Student: 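Before we start, here is the structure in question, set down as structure tokens.
Each chain gets a letter, A, B and so on, in the order its sequence line appears, and its residues count up from 1. As the structure is a prediction and not an experimental result, all values here were calculated from the model.
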Amino acid sequence: MPHWWLEARLPIIVFGVLFTLWVLIPAPEGESDFASRLRNRFRK
Amino acid sequence: MFASADRKRLLVGLLLLAVIMGWFLAFNRLPKIGIVGEDLDTVQSQTNQCFQGFCIERDPGVSFVTRWVKFSITYLRLVTIGMTFAFLTAGLAEAFLFSKSIGKGLPTAGVFRRTVQGTVSGGVMNLCSACIVPVSSSFHRRAGIEGAIAMVQGSTTLNIPALAMVFFVFSPVLGFSRLILAVVGALIIGPIVVLSVRRDRVKSIEIPDTYRNPVDIAGWGEVLTPAFRHWAKASIRYAIKLSPIMIVAGFVSGLAIQWLSPEVVATYLGNDIRGVLLAATFGLLINVPLLFEIPLVALLLLLGMGTAPAATLLFSAAAAGPVTFWGLSNLMPRKALATFASATWVVGALGGILVLIGGHYFWEGAGLSDRVAKASEQRTVEELFFASGSNTFDIADYPNVFDGVPAADEFAPFQNVAPLIGTEALIENRYPGVAIFDFDRDGDLDFYVTSAESNSVLQITRGGPNKLFRNDGGNVFTNVGLSAGVSAETHNSTAVAACDIDNDGYQDLYVGAQGRIGDNLDYRSIAQNPTLAAAVQDRLFHNNGDGTFTNVTTTAFAGHANPRSAASIACGDVDNDGWLDLYIGNRADQDFVRFDTSRHHGHFNTFFHNNGDGTFTDLTVGAGLISPPIRMRDIAGNPITFPAPDNKSIEGFDISVLDGNGNIVGDSAGQTWTSMMFDHDADGDLDIWVGDDGDRLKIYRNDSSPAGIKFTPIEELLGIDQMGQWMGFALGDYDGDGDLDVFVTNMGFQPLERPWPGVPSADCAYYQSTDSGTCFHALIENRVNEESEPNRPGAFAFVTGETHVTASAVVPPSSLGTDFKPASEAAINGLEAYEFGFGTAFFDMDNDADQDLYWLGSLGARGEGPQGDIAPAFGRLLQNDGNGAFTDVTAEARIIDSLAVDYSVLDPGHHDFNAVQQRLGSEFHENGKGVAVGDLNSDGFVDVIGTNSNGETFDANGERVVASGPLFVWMNSGSDNHWISFRLQGRMAIDGTGSNADAIGAKVTVTHTSGIGESITQIREVLGSSSFLSMSSLDAHFGIGSADSVNIVIEWPSGRTTTTDDLSVNQLYELTEPAS
């Protein structure tokens, strides 16, 4: 396993979880951002 | 309490922050302290100064770009986790903590209060100057520019781990300067920046409408769900916005740090204004991982950076850098940013200037803490050993050596080549002996070194295999002890002698041994345990002639090998039957040696007669060689005796002293350290001289006849039954009068520095106080030939005090200093002014046709170890002036028995001379023991091997550790003088007639003409005896100045003679005894 992978794991996991949360949780009414548009596309 | 949405978010936010920070501190920040500790060890090691991707030494095989990219990527990797935490925390702060309407949660009034909030918050964060950027950007929403800047300062310069380490690593001056600058920086830089701009020009951050009316939001889920979404979005936004900036700025920082090099430090970062200003500038051009500035500044201090620029850099390197400025540019206008950078620079520079001024008036050289400074100087024995190769002088400074062109009367220094052998030259033995001999008869000299047993009781005395170093030429010596069968790992080996016991032409090995230290058992108890006895009985290894040896101890001694404590072995044919006999000088079991009591128990010495058939017979008693009781007298001169069986009493020996098994300790004998067989009265047979540690010299005249072997003690007759702590013998014609004189090492002048002992004992200081003995070395002049009767009073005379020695200007003995305070009425003259000695030898160092004198030795421990100051001594090489006076050339000859001595400056008047830094003082001595001399590289100049005890020293933390004893193999670089050498072979090796194969006892007389036409006669006797644990080469070597030919006469032990005239010089002659 490359040495850099050990250090990259944590940021990847953290930001992966954050991105998932951002997409999964609906945006407040009236707001639209990248994650809400992505969510809507998947729901279609 | 948590009715409002803001309070709900605040609560959850604080909980989440606590969890995240707790995890971050526990798994990332605290381990970082260990990493920094390792970095400090690295920079102190002086062998590898690369840490966290940064190497200050330029590797010529690595390009600048590679070095720059490597450091930059390493830096970015190191800050990855910190940055992740920072983005996460920044988003958390924005989403949960810093809502605009929180009200009492986070007060926002006042510049000072916001500054303090930022400082405290930052101090808790423990993030580097790059990682803190996202968090401070978020904090700016609540606490403004001043709070954001204070958070940066608080996190980078005021965090607790950093402050703790700073005070541990650096001196109080630098510790307090960092603390003060950090506090000042945190409290004033932010307000200064705010003052420089109007508040309405500060960028504000939009707060989502969702949070503006918290009273309308009721449930936890309704509050927290969007908050989590906001957290995720904000964190990702920070990462996207700031990461590219940070990566680019990281490479800019990596570029800046490449400016650092040892040359730059020495040239530009001295303790002056320029150094301070450059340090302030440099510090702001780099971003470093958290705490990185600590090992960085420590390294630069070790390379010579001044204290003042160190104070500046310790602050400015941590405080901010390109990533910080670039990352915060989103929050403030350029003017504010410039003010921020300038103010940080000024604070750092002012701090350095104040330290500079203070250093001028109040403190000196306050860089690293004493603990770290000492640790940085602290090298292991192994590191010191490998720094001890002294082949760094320029041979061009010693012209005309070996090229045949005569030069002024000078010599080139010795070169220690032991480091070339490697770690095999590190020995595990308290009593390491060495014997120089040609074990494989390939024409060059090899050597054998003894080690203690591997099964010793105490770890400090644990040994390993004995080593046989085969000479492979070109200063290459290979340990072949194991394959040769002489490694004897479980043998507690001490003294060694190499002599041809069976006259087959190959020298065999007699290896002495001593009892285990720490088992409280003496030899009688040991003899009852076969396993233990095997470890501590002497061994005889027969040389098979094919590179291997066979242990023939059992057959040779019929189960009666010497079980006592062999410290010296003398080989010699006492009855001239052609077979070498053995005299074993035994000391005492180390567990029972004391010099504060009148009980002084030694071991009987042993005389083994060679039967000529591979066996030996113990004839100690019959030959009259049983050791007499020691001399133990009270102040009035009355014997101090103890009861013995049969209503007798014995002087100095108490049979009620028992060992752990209830057996009597020792024998009523002295503790022999050294023994020597030579024909002192020139009557054709070998006499025996014995030196004991704490008794009189003993001289046994050989009165053997065809009726039997017989020796008569005559030390009193000769008038040299002087009490002393005699250690080693050297034999040589120091005064050039054609007979062999004797030098005996002793304690030296050092016991005279303490009060005279009041208790009668074997302490030489007690004898000296009662005028019954001496602590001084003994130079004993041979005057046998001055009258017809050789064995008479005055045939030998102590001339120590009247022998002039020109002291070294570089390393004079302390007895010649103004601080020396001898015990009352103790006078010191001439050669008496010198320190402790063990092994010793006469040899012609510079081939100028006279005998120079060398000894080494120390008592107790190495100088830098526990009790190393008992008798500090690093040996002495005294150059003979040709008239029996000497000059101390120890330093000039580079033969000091200390590791890593810097001989580059040997002029005490030179401004670069520093005896301590150059390790020239006696406080750095190794614990010297054996000495053997011989021409190892066959260049016609005699080389020297010195052994040292293993033992305790102190590690970097001041803890005691056991370290090996280093060998010194000093190769003589020689001079322009000529030489001639003889390797003799007795006829017993040829046809079983005549003299022993080694020709031990043969006398070689060389006559030649000096440069001014004087006739010079030199004499050597082939000596098969050990000086102290050790035995020199049997070759008879002569330095003959500028003579081009010599006449020789060899008197063989058998009585035959060889006479040859006009022998060519600069050659080794192998001569065989004539048939008749």
Side-chain angles (χ1 to χ4, degrees), chain A, chain B residues 5 16 19-20 23-24 27-28 52-53 70 73-92 94-95 131 134 206-213 216-217 221-240 242-243 246-247 289:
Chain A
M1 182 178 290
H3 199 258
W4 59 264
W5 169 241
L6 296 172
E7 288 157 343
R9 269 186 312 182
L10 183 68
I12 290 173
I13 294 170
V14 167
F15 286 99
V17 168
L18 288 174
F19 185 77
T20 304
L21 274 178
W22 188 27
V23 171
L24 287 181
I25 299 175
E29 212 168 303
E31 272 191 42
S32 175
D33 54 28
F34 173 78
S36 65
R37 288 192 290 274
L38 191 63
R39 185 169 186 273
N40 292 336
R41 180 170 292 187
F42 278 127
R43 289 186 73 190
K44 284 178 185 173
Chain B
L16 287 171
V19 169
I20 294 171
W23 178 90
F24 183 62
F27 292 102
N28 186 267
Q52 297 192 55
K70 181 183 169 189
I73 289 177
T74 303
Y75 164 71
L76 289 170
R77 275 178 46 208
L78 288 170
V79 300
T80 300
I81 293 182
M83 293 302 298
T84 303
F85 168 75
F87 293 136
L88 202 62
T89 306
L92 181 72
E94 184 178 306
C131 301
E206 285 295 324
I207 307 297
D209 291 338
T210 325
Y211 303 139
R212 289 224 171 117
N213 191 359
D216 294 337
I217 297 174
E222 293 174 67
V223 169
L224 297 179
T225 303
F228 275 101
R229 189 180 192 277
H230 187 188
W231 179 21
K233 180 179 177 181
S235 297
I236 292 172
R237 186 181 71 241
Y238 277 117
I240 291 172
L242 294 177
S243 292
M246 291 180 161
I247 290 172

Student: Determine which residues belonging to residues 32-41 of chain A lie within contact range of chain B, meaning some heavy atom pair is under 4.5 Å apart, and list them by number or answer 'none'.
Tutor: A:D33, A:A35, A:S36
Student: Rounded to the nearest 0.5 Å, what separation is found between the CZ atom of B:F228 and the CG atom of A:L24?
Tutor: 13.5 Å
Student: For residues B:T84 and A:F15, determine if any side-chain heavy atom of one lies less than 4.5 Å from a side-chain heavy atom of the other.
Tutor: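 They are in contact (side-chain heavy atoms under 4.5 Å apart), so the answer is yes.
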Student: I need the A:E31 CD to B:H230 NE2 distance, nearest 0.5 Å.
Tutor: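 Answer for the CD-NE2 pair, A:E31 versus B:H230, is 8.5 Å.
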Student: Looking only at heavy atoms, which two atoms of B:R229 and A:W22 are closest? And how far apart?
Tutor: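 Minimum heavy-atom contact is NE-O, 3.4 Å.
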Student: In terms of heavy-atom pairs under 4.5 Å, which option from B:I236, B:I73, B:L88, B:T225 contacts chain A the most?
Tutor: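 Top option by heavy-atom pairs under 4.5 Å: B:I236.
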Student: So, taking the atom named CZ in B:F87 and the one named CG in A:L18, what distance separates them when rounded to the nearest 0.5 Å?
Tutor: 12.0 Å
Student: Roughly how far, to the nearest 0.5 Å, is CZ of B:F85 from CG of A:L10?
Tutor: 11.5 Å
